[in-house]
Amino acid sequence: MLHFFQRPRSPFKTGVLVLIWGWMLTFVLLPNVMIIFTSVMTRGDSHFIEWQLTLDNYIRVFDPLYLQVFISSLWMAVITTLICLIIGYPFAFAISRFPAHVKPFLMLLVIIPFWTNSLVRTYALKVLLATKGLLNQSLLSLGLIDTPLRMLYTEGAVILGLVYVLLPFMILPLYAVFDQLNYNYIEAAQDLGASKIKTFWHLVIPLTMPGIIAGSLLVLLPAMGMFYIADLLGGAKHLLIGNLIKNQFLDARDWPFGATASIFLTSAMAILLYAYWRSIKLMKQQVNV
Amino acid sequence: MTHPPSVLVSLKDVSKSYDDKTVLAALDLDIYDGEFVTLLGPSGCGKTTILRLIAGFERPNHGQIILAGEEITQQAAHLRHVNTVFQSYALFPHMSVFDNVAFGLRMEKVAEPEVKERAIQALEMVQLANLAHRRPHQLSGGQQQRVAIARAAVKRPRLLLLDEPLSALDYKLRKQMQNELKRLQRQLGITFIFVTHDQEEALSMSDRVIVMREGHIEQIGTPRQVYENPKTLFVARFVGETNLFDAVIQTKNNHHWTLTLAQQNVCIKARTHLAHLAEGQKVKVLLRPEDMRLYAPADRQALADQPCLSGKVIERNYKGMTLDTVIALEQGGQILVSEFFDEEDPDFDYRLGESVLVSWVANWEVILVDEQVSPSVAVSAVEEV
Ligand SMILES: Nc1ncnc2c1ncn2[C@@H]1O[C@H](COP(=O)(O)OP(=O)(O)OP(=O)(O)O)[C@@H](O)[C@H]1O
Ligand SMILES: [Mg+2]
């Protein structure tokens, strides 16, 4: 690192570096330090925090009440990830097998939903799923059901919302690995007597593993934090960790505990990202590109 | 041993095109059981395409492929008893060398102890048993190529397709692997279809050579036939070095022809297979550099009735076994003479610029009909008349 600073540099380079470091310090490091700081303070009545060191918040996180939210949130996130993977994997594969001039168009279709705010799209889902919503109305008028189905404010509705918003994050990295996949390997496997299923199992899955992991992380991590989806589609019962944090800050006004919960979520993400980084390093040793 | 060999693979009237581009046109080809056949031809002539059709990665647009009496034209690749050494190796990057070689056996559900034994044996054959635990990317190009050979050969298929399997090896290793492959082929009785750019390799290893050009077969024959009796100018040029002369048939009878060649009359034995050529017909005379002989100008008397051209030495290249000499002919043009090195011979050493006489072993000339214009152009020229 040292030699980096010792080299003579142009004013432009210095400017860019100052800007980047300044940005990182002000908007990444400082807020995180503040959150850590807040998490070891005591809740105040008149002010948000009282200047008194405590580890109470860290103990409170393990209260069964909150642990319950953590676990159910993780559960929904895992289910969401699996569903995204099951839909996204064949989807990404199919796109990668299209002729080169069609692919960008298909990828555009995947990306277009990003152009509409996901909050708006979640409201749309709500309209669709409501007791007197579009889906129930059509099913009723078709005579398929007699009484409206309860779809809104269920765990299923939350998961549907999460899948709907997060699916592109699964498809994009998977598409990237499928697009890079060297078809020679697949032919070689068939040449050596591997059926389609065995080729898939022994070649396609291992070779696309970096994309599977990347996509899963990109879905799993946000799926624990997207509180507005749980708010809109899950009602009060199906909370995500994101809801917990939001509630502590905005409703319960318990900033120190909110900060602690947020640190927990961040650490969980950090651990998963570290695991990803390690596995990619392992993969890199295995897959020469 | 003497009964006629049975056909293992045949391509019947096979055509293949990509988009609108014809890559193979109405190809007929029989390959015999236990034979070592080489496909030889310039880049893009369709060698890899033939292998891919036989292996099952492509379907022909037209025609049939028959393997061991069974039609396999539409059969899936993994069901064919054929294995391929890919031009790009295609070693599985996430598996060790050992697992790569074992893969094919495991797919056959061979018992694990036997898998281990055979995989190690195959790796020993390519001298890589000590690197069995490595990943492919930790190997050099030549080592990867040898793993690819071991991976295909370990399955002991009826037919092994090898797409330039030795191209990344240095000379010594290449020779070694050539011997190993020949030994493997004889020992296991596997039929080989081998693709190479190296004509020396093609000639020295093969039972038959197939010379291809732009998606069709130009000539099939033993290495000797292809080298000594090329059917077309293309084959002559592609296989080995050549000296080409324009010549005109002056007179012909049943025993002898007289040709004018480099402003000299040369008498050669009549060629029965070219009996249809008329007097006055233009032909090409092909002479291999190693059939040519150099003489000092003083030897002219001794060469009385032999064809004899004179010129000056302009280049000498020592090639180890042979000495290559380039002569600029008095009549114009250059020729290459390749002689075995003989230190005993005092006459052997010609200096640059020295005048010499060039002759050749009588009747070893190859006479080819002049096809300077490509066949398609020739046809249209005829039509215009
Ligand atoms: N998938 C494909 N799509 C379109 N054209 C192709 C395809 N594969 C091969 N070709 C064309 O078919 C022709 C024959 O290709 P092939 O790979 O058989 O050549 P080759 O004789 O093996 O050449 P080389 O010696 O360079 O390997 C080439 O002109 C090539 O461009
Ligand atoms: Mg090729």
Side-chain angles (χ1 to χ4, degrees), chain A residues 85 89 92-93 96-103 173-174 176-216 275-289, chain B residues 19 48 51-52 54-58 75-97 99-110 115 119 122 134-139 141 144 147-148 150-157 159-163:
Chain A
L85 192 58
Y89 199 77
F93 171 72
S96 75
R97 300 303 299 156
F98 270 93
H101 60 278
V102 190
K103 281 195 245 180
L174 281 175
V177 286
F178 272 120
D179 207 38
Q180 296 274 306
L181 186 67
N182 189 340
Y183 220 67
N184 285 338
Y185 298 139
I186 291 168
E187 285 183 351
Q190 286 172 356
D191 188 72
L192 293 166
S195 61
K196 285 229 155 63
I197 293 169
K198 283 185 170 166
T199 305
F200 182 73
W201 182 251
H202 292 289
L203 273 300
V204 180
I205 290 195
L207 291 174
T208 53
M209 195 48 88
I212 295 177
I213 296 176
S216 298
Y276 173 62
W277 179 72
R278 291 289 308 185
S279 64
I280 286 295
K281 255 182 80 167
L282 271 178
M283 285 284 180
K284 278 259 170 63
Q285 282 170 16
Q286 297 172 6
V287 182
N288 61 329
V289 188
Chain B
D19 307 323
T48 300
L51 297 194
R52 291 177 60 80
I54 297 174
F57 305 131
E58 305 281 354
Q75 195 182 47
H78 72 277
L79 300 174
R80 303 188 183 189
H81 294 288
V82 173
N83 288 111
T84 309
V85 178
F86 290 86
Q87 197 166 7
S88 59
Y89 321 150
L91 298 179
F92 305 137
H94 58 297
M95 296 182 196
S96 69
V97 165
D99 287 335
N100 262 281
V101 177
F103 186 86
L105 297 176
R106 287 178 178 152
M107 290 302 113
E108 277 179 57
K109 299 218 162 61
V110 173
V115 168
R134 290 225 192 145
R135 303 258 172 205
H137 78 275
Q138 296 170 311
L139 303 182
Q144 291 183 26
V147 176
R151 184 176 69 173
V154 76
K155 301 255 297 176
R156 295 179 199 155
L159 177 62
L160 195 58
L161 309 174
L162 303 101
D163 203 344

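Keep in mind that the numbers below use all heavy atoms, side chains included, and drop hydrogens, waters and symmetry copies. Chain letters run A, B, ... following the sequence lines, proteins first and then strands; every chain starts at 1.
- Between Asn182(A) and Ser88(B) the shortest side-chain heavy-atom distance does not fall below 4.5 Å.
- Between Met107(B) and Ala194(A), the shortest heavy-atom distance links the atoms SD-CB, 3.6 Å.
- Proximity to chain A is absent for every atom of Val154(B), based on heavy atoms less than 4.5 angstrom apart.
- For Leu203(A), the parts sitting under 4.5 Å from any heavy atom of chain B are the backbone and the side chain alike.
- Proximity of Phe86(B) to Asp191(A): side-chain heavy atoms (C-beta onward) are separated by under 4.5 Å at one or more points.
- Here the closest non-hydrogen pair linking Ala90(B) and Ala188(A) is O-CB, 3.8 Å.
- Two residues are said to be in side-chain contact when any heavy atoms from C-beta on lie closer than 4.5 Å; Leu192(A) and Phe92(B) meet this criterion.
- Across all their heavy atoms, His202(A) and Met95(B) have their closest contact at O-CE, 3.9 Å.
- For the atom pair OG1 (Thr84(B)) and CD (Gln190(A)), the distance works out to 11.0 Å, reported to the nearest 0.5 Å.
- You'll find the side chain of Lys196(A) stays beyond 4.5 Å of the side chain of His78(B), heavy atoms only.
- For the pair Arg52(B) and Glu187(A), the minimum side-chain heavy-atom distance is below 4.5 Å.
- Between the CZ atom in Phe57(B) and the OH atom in Tyr183(A) there is a gap of 10.5 Å [rounded to 0.5 Å].
- Contact count against chain A (heavy-atom pairs under 4.5 Å) is highest for Arg151(B) among Glu108(B), Arg151(B), Arg80(B).
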